[in-house]
Amino acid sequence: MLQLEFNMSSFKNTTSSSVVFLLNGVPGLEAFHTWISIPFCFLYATALSGNSLVLCAIVTQPSLHEPMYYFLSMVSTTDLGLSISTLITVLGIFWFNAREISFNACLSQMFFIQLFTVMESSVLLAMAFDRFVAISNPLRYASILTDLKIAQIGVAIVTRGTLILTSMVVLLKHLSYCRSHVLHHSFCFHPDVMKLSCTDTRINSAVGLTALITTAGVDSIFIILSYFLIFKTVLSITSSEERKKAFSSCISHIGAVAVFYIPLISLSFVHRFGKGVPPYVHTLIADAYLLIPPVMNPIIYSVKTKQIRRAVLKVLHTTVTKN
């Protein structure tokens, strides 16, 4: 009886917040973590500075107080959140070999990574709708996408992500973790944490897959539908110059969609179907998923959007002059 009580106590401990997970850097290259940290530092610095500049330019320049740029500021905010969510654990592993992370801290990091991912997917969908309205109905553009409407869209985006992801976190807290506590990445990712449980995770897996389908999956379908309607509208324009102008206004958004969805889809497929794939492939795809969108989005919009480029240069000039 005493032995049974001891076993029950041990089992309860595996489901409590006392569980500690061990994060991983790049498998097989632990001796080179200090050198590997250099490009990671550069990428994080680029992501943080680039998105901060874009956000600052949009906030401070009245000429950018338009629906398109409001949505771009949301993208920059989510990219900053995504970068900050992983910065401490990733660089902590490379610099100090700080691999331990508590159960609650792991769930919190996982929640915010997933939340900012869902938010960015939602904002990209909103931007596709913005481009459709601007091209198909330019005269009513300002009356359709008012400041109030954009604020409501922003609240809906945050609420949607929070409601969908809360259930994933709650279900993970009810699992027992009596296997190895070693994770495969330098951050907490839902499928990675779920695989460490020694109890039935079919419900967790189903909820995770449903969350992915109902967010990024549904968003991508509507983005494709929006661009089908956009291209149909553009092709009906008689003036070749106007067609070119309409297409060019979508290039930045198409680039942002590509750099977001390609790494996300790749990571999801590798986690679910890539059991025989070498560990470093998982790591590289996960890092691409985390860093490519935050790094590339400010570059894409600064290069392809003249107004953003001018505003960013103006902010930099003002900062340098003040110093």
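Sequence positions, counted from 1, serve as the residue numbers for this chain. Note that this is a predicted model, so its numbers are computed, not measured.
- The closest donor-acceptor contact from the side chain of S121 to the backbone of T117 lies at 3.5 Å or more, if one exists at all.
- Residue pairs satisfying the salt bridge (charged side-chain N to carboxylate O under 4.0 Å, His left out) criterion with at least one member in residues 218-230, sequence neighbours excluded, are listed as follows: R160-D219.
- Here OG of S220 is found 9.0 Å from CG of L264. Values are rounded to the nearest 0.5 Å.
- When side chains are defined from C-beta on, T166 counts as touching F111, because their heavy atoms get closer than 4.5 Å.
- C56 and T60 get closest at one heavy-atom pair: O-OG1, 2.7 Å.
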Query - Worked verdict on Q114 versus I164 for side-chain contact (heavy atoms from CB on, under 4.5 Å) - result: CA-CA 10 Å; Q114 299 290 99; I164 290 174; over 6 Å; no
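- Side chain of R309 to backbone of S302: a donor-acceptor contact under 3.5 angstrom is found.
- Here the closest heavy-atom approach between residue T146 and residue S143 is recorded as CG2-O, 3.3 Å.
- With values rounded to the nearest 0.5 angstrom, S108 atom OG is found 12.0 Å from L115 atom CG.
- In this structure, the separation between SG on C106 and CG on L183 is 5.5 Å, given to the nearest 0.5 Å.
- Every residue two or more places apart in sequence or in another chain that forms a ring pair (Phe, Tyr, Trp, His ring centres under 6.0 Å) with F94 is listed here: H33, F40.
- Taking the six-membered ring wherever Trp is involved, the centroid distance between the rings of F222 and F129 does not fall below 6.0 Å.
- Counting heavy atoms from C-beta on, the side chains of V259 and V295 never come closer than 4.5 Å.
- Closest approach of V19 to H181, counting heavy atoms only: CG1-CE1, 3.7 Å.
- Going from atom OG of S205 over to atom NZ of K195 covers 9.5 Å, rounded to the nearest 0.5 Å.
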Report task. Apply side chain to side chain donor-acceptor pair (under 3.5 Å) to the pair T89 and Q109, showing each step before the final yes or no. Result -> CA-CA 10 Å; T89 56; Q109 184 186 47; 2.9 Å; yes
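- Between T305 and Y69, the closest side-chain pair of non-hydrogen atoms falls below 4.5 Å.
- Within a 6.0 Å sphere centred on CZ of F247, other residues, nucleotides and ligands contribute more than 12 heavy atoms.
- Both L175 and I203 are part of a single hydrophobic cluster, where members link through side-chain heavy atoms under 4.5 Å apart.
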Query raised in the report: Where do Y301 and S76 land on the side chain to side chain donor-acceptor pair (under 3.5 Å) test, with the steps shown first?
Result: CA-CA 11 Å; Y301 278 96; S76 294; over 6 Å; no
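- The number of heavy atoms from other shown groups lying within 6.0 Å of CD (Q152) is above 12.
- Both Y261 and V218 belong to a common hydrophobic cluster when Ile, Leu, Val, Met, Phe, Trp and Tyr are linked at side-chain heavy-atom distances under 4.5 angstrom.
- Cluster partners of V59: none. The rule joins Ile, Leu, Val, Met, Phe, Trp and Tyr whenever side-chain heavy atoms lie under 4.5 Å apart, and it links nothing here.
- Proximity of a side-chain donor or acceptor of S102 to a complementary backbone N or O of V20 within less than 3.5 Å is not detected.
- P294 has its side chain within reach of N51: a pair of non-hydrogen atoms, C-beta onward, lies under 4.5 Å apart.
- Hydrophobic clustering (ILVMFWY, side-chain heavy atoms < 4.5 Å, transitive): I262 and L82 are in distinct clusters.
- For the pair T215/S122, no side-chain contact is recorded, criterion being any heavy-atom separation below 4.5 Å from C-beta on.
- The aromatic ring centres of F132 and Y227 sit 6.0 Å or more apart.
- Side-chain contact between F103 and C188 is absent, with no heavy-atom pair separated by less than 4.5 Å.
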Query raised in the report: Would T77 and F116 count as a side-chain contact (heavy atoms from CB on, under 4.5 Å) if you check the C-alpha gap in whole Å, the side-chain angles of each, and the deciding distance to 0.1 Å?
Result: CA-CA 9 Å; T77 302; F116 288 121; 5.7 Å; no
Query raised in the report: Would T199 and Y177 count as a side chain to side chain donor-acceptor pair (under 3.5 Å) if you check the C-alpha gap in whole Å, the side-chain angles of each, and the deciding distance to 0.1 Å?
Result: CA-CA 8 Å; T199 49; Y177 299 90; over 6 Å; no
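- Both I254 and V54 are members of a single hydrophobic cluster when ILVMFWY side chains are connected at heavy-atom separations under 4.5 Å.
- Of all the heavy atoms in C41 and L91, the pair that sits closest is SG-CD2, 4.0 Å.
- Surrounding CD1 of I88 are at most 12 heavy atoms belonging to other residues, nucleotides or ligands under 6.0 Å away.
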**Report entry** V315/Q61 under side-chain contact (heavy atoms from CB on, under 4.5 Å): CA gap, chis, key distance, verdict
**Finding:** CA-CA 9 Å; V315 169; Q61 303 300 314; 4.2 Å; yes
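- With H253 contributing its side chain and L124 its backbone, the two residues share a donor-acceptor pair below 3.5 Å.
- Residue H190 comes nearest to N204 through the heavy atom pair CE1-O, 3.7 Å, listed as atom of the first residue, atom of the second, then distance.
- At a threshold of 4.5 Å between non-hydrogen side-chain atoms, the residues E100 and L23 do not count as touching.
- Within the 4.5 Å cutoff, the side chain of M168 has no heavy atoms near those of the L172 side chain.
- The hydrophobic clustering, which links ILVMFWY residues whose side-chain heavy atoms are closer than 4.5 Å, places F96 and F32 together.
- The aromatic rings of F187 and Y289 are tilted relative to each other, their planes meeting at an angle between 30° and 60°.
- Closest heavy-atom contact between I285 and P263: CG2-O, 4.1 Å.
- The closest donor-acceptor contact from the side chain of R99 to the backbone of L22 lies at 3.5 Å or more, if one exists at all.
- Note that the CZ atom of F189 and the CE atom of M194 stand 9.5 Å from one another [nearest 0.5 Å].
- A donor-acceptor pair is defined here as one N or O able to donate and one able to accept, closer than 3.5 Å; no such pair exists between the side chain of T159 and the backbone of A156.
- Taken to the nearest 0.5 Å, the CG atom of D130 stands 11.5 Å off from the CG atom of L125.
- More than 12 non-hydrogen atoms from other residues, nucleotides or ligands lie less than 6.0 angstrom from CD1 of I299.
- The backbone N or O of H185 sits nowhere less than 3.5 Å from a side-chain atom of N24 that would complete a donor-acceptor pair.
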Query raised in the report: Stepwise, does the side chain to side chain donor-acceptor pair (under 3.5 Å) test hold for N97 with E30?
Result: CA-CA 9 Å; N97 196 32; E30 288 81 4; over 6 Å; no
Query raised in the report: Checking side-chain contact (heavy atoms from CB on, under 4.5 Å) for the pair I308/I58: CA distance, chi angles, key distance, verdict?
Result: CA-CA 8 Å; I308 290 293; I58 294 170; 4.2 Å; yes
